[in-house]
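Encoded as structure tokens, the structure appears first; notes follow it.
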Amino acid sequence: MTEYPEARAVLRAAGVALVLDITGGRLPSVLHWGADPGALGTADLSALAEAGVSPTRPSSPDVPSYLAILPEPWTGWLGTPGLVGSRSGRAWSPKFTVTGIEADGVELHGPEVDAVEAARLAVRASDEQASLGLELVIELDPSGVLRTRATVTNTGDDDFQLDALNLALPVPQHVGETLDFAGRWGKEKVPQRQPITVGTHRREGRQGRTGWGAAGVLHAGAPGFGFASGEVWGIHTAWSGNHVHYLERVNEGETVLGGGELLLPGEVRLAPGQAYTSPWLYGAYGDGLDEVARRFHRLMRARPQHPSSPRPVTLNTWEAVYFDHDLPALLELAELAAELGVERFVLDDGWFGSRRDDTSGLGDWTVSVDAWPNGLTPLIDRVTELGMRFGLWVEPEMVNPDSELARAHPEWIMATGGRLPIEARHQQVLNLAIPEAYDHIRDALVTLLDENDISYLKWDHNRDLVDAGTQPGGRPAVHEQTLAFYRLVAELKQRFPGLEIESCSSGGARADLAALEHTDRIWVSDNIDPLDRQQMLRWTTQLLPPELLGSHVAAGVNHTTGRQSSLSFRAATAVFGHFGIEWDLRQATAEERAQLREWIAFYTEHRALLHGGDVVRLDHTDPTLLVNGVVAPDKSQAIYAYVSLAMSGLVTPGRVRLPGLDPQRRYRVRPVFAESLPRIAQPPAWWNGGEGVVLSGGLIASAGLHAPYLPPETAVVYLVTEERS
Ligand code: DGJ
């Protein structure tokens, strides 16, 4: 007889409710995840549970189906199982019974779990036959974002091989479309949208890093959901190694969003007493994609470690000088940067060991005497004298076979099958799961940070983990490597308070909520072309707030696409993230530098709004037009960009609506930097020579303001401020 004959719990925050049934000792199952229905008493909950019991179906199990957050096949569930594993073919279909429930840290006993309201539930369960213990944690953050994770413990006396531990959140049957992301190097966050059909839309990431083409946020929504409206649910697997997101509709009717770590064969073998904890699976519900994004942003912004200082204007040297490290040239670049108002100077790849190009030196984290005969000090000193902070590029998890480190410790390279993995960018992966390798790299980084005034690391990771095992046996070690990355970054941050770390991985291939637990921003993409960046920023903000997105102005002719774009388009794009420059300013004209100085002044003046506001995006029927913006949480001001991506088929785009303001208040809307638009962009009457117009927030969002004709690849920025009379 279970201790929990009737057990139900409600987690509620910011207009969202998650109602769970834990009745009869079964694992928690979702009765409702969506809009907060208001107060729910015992009778309501038991009626809700009853309403959710499916009738038995013809030629089906004689008991109603039951779907837990950790789906169990013993219940008759025919979709993806939550736990996959065995003791060499035994104990492969566990049936867990709940043994303990904790709500907000307080242990509850049977009758107390009656309409319990909490922000955090921990449910313990066990299967005595299979000798497994389980803990499921379910939390609802004040932002309305939920997260859940599971820990499985081997309580038996032989090994248990765990092959998968997935958690799944059911969504209502009326969801009809899915939206997630794909991508590749230089083109992250490509949205893909499709109808939901029976079967599994399974997005596996096997790159040993988050991946450029990770699902990111996998959504399911009511047909036609957009930015502003339509019920939509999104999940995110917070893991920087191999992982999975899936959307599954089974023939029996249920639809779930699920995820977990993707384990390689034999990767997790639990010895007696050992435990494995899954990544957090996050879930956000909203009326429209903007609400989902806003919940994620609020979750991130409330974290104690969220960057709270103004995000400094950053100059990164990569596209300015690449591997060509020359002190006089870099000093000149630093002087020019400081004159414009740059606040952080980051020296990219090429400063260490034999690293004069990408074929050698990775792993040797000592300053190159060839490139830097007097060390980095002359550059760092000048940078700091100029009032800027100094940052440095590293790639600690990697090694070039042509390096002192690889020659000294070939056994530290990740490999399996008695052979080395195929090379990628002439490099291999250093196995940080080996304690000596971890200590070696940690000590090298500590020395570097001890000896130099470095307050920022751009932490790169430039190859996939292929055949990533531990020598000599070759057992897969991607899981351990991922944990070692988190550990190493955490250890450095603890040792060097105030140290900031940028998560870069050949652009945006390590951008997930677990990586961001330990780092302070991501590098969105190696492609800085504003035309592509417009799309990437728009969709990267589905999970991450703008202040975490490295967003630079590059040279006029883009190094990745070869496309030419105006400075105003480059800057109007970059200003919606964490603004920086990645351009050899020595090549910029005086006029370009003057323009850049103005954009930097604009960014620094408005960064509290740019980085603290609510992101709004507009659904526009014309795919060549975009409207993005940020609105202050108190709705006193906003900044929008109206962007033309390509030659529109329409002669005039008509009135463009700017959403998100308070309908009752009056605002002045005015264009900024309008003078830098090409002459063909005829100003609409309401611009009034730059003075703009005053209208109510309601009219601005519903009637809109006539857009100027904009040629392709141009953007106009509007500053909106409340008129207080
Ligand atoms: C890949 C990064 O994404 C670039 O920004 C740059 O840091 C290079 N690596 C350096 O090798």
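Being a predicted model, the structure only gives us computed values, none of them experimental. We count ligands from 1, going down the list as the structure has it; atoms in each ligand are counted the same way.
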key: Tyr486 side chain vs Ser240 backbone, donor-acceptor pair below 3.5 Å   = yes
Contacts of Asp439 that satisfy side-chain hydrogen bond (donor to acceptor under 3.5 Å, both in side chains) - sequence neighbours left out = Arg442
One line per pair, note the atom names and distance for all nitrogen or oxygen contacts under 3.5 Å between ligand 1 and the protein.
residue	atom	partner	partner atom	Å
ligand 1	3 (O)	Gly507	N	3.0
ligand 1	3 (O)	Asp526	OD1	2.4
ligand 1	3 (O)	Asp526	OD2	3.1
ligand 1	5 (O)	Lys458	NZ	2.7
ligand 1	5 (O)	Asp526	OD1	3.3
ligand 1	7 (O)	Asp348	OD1	2.7
ligand 1	7 (O)	Asp348	OD2	3.2
ligand 1	7 (O)	Trp393	NE1	3.1
ligand 1	7 (O)	Lys458	NZ	2.9
ligand 1	7 (O)	Asp460	OD2	3.3
ligand 1	9 (N)	Asp460	OD2	2.7
ligand 1	9 (N)	Asn462	ND2	3.4
ligand 1	11 (O)	Asp349	OD2	2.6
ligand 1	11 (O)	Arg425	NH1	2.8
ligand 1	11 (O)	Arg425	NH2	2.9

Could you pull out all donor-acceptor pairs under 3.5 Å where a side-chain atom in residues 333-342 meets a protein atom, sequence neighbours excluded?
residue	atom	partner	partner atom	Å
Glu335	OE1	Arg382	NH2	3.2
Glu335	OE2	Arg382	NE	2.7
Glu335	OE2	Arg382	NH2	3.2

message = Does anything in residues 525-551 form a salt bridge (Lys or Arg N to Asp or Glu O under 4.0 Å)? List the pairs, not counting sequence neighbours.
response = Lys187-Asp532, Arg301-Glu547, Asp529-Arg563, Asp532-Arg563
message = Can a side-chain donor-acceptor contact be found between Arg521 and Tyr456 if the only test is distance below 3.5 angstrom?
response = yes
query = Just checking, any donor-acceptor pair under 3.5 angstrom between side chains of Asp460 and Asn462?
reply = yes
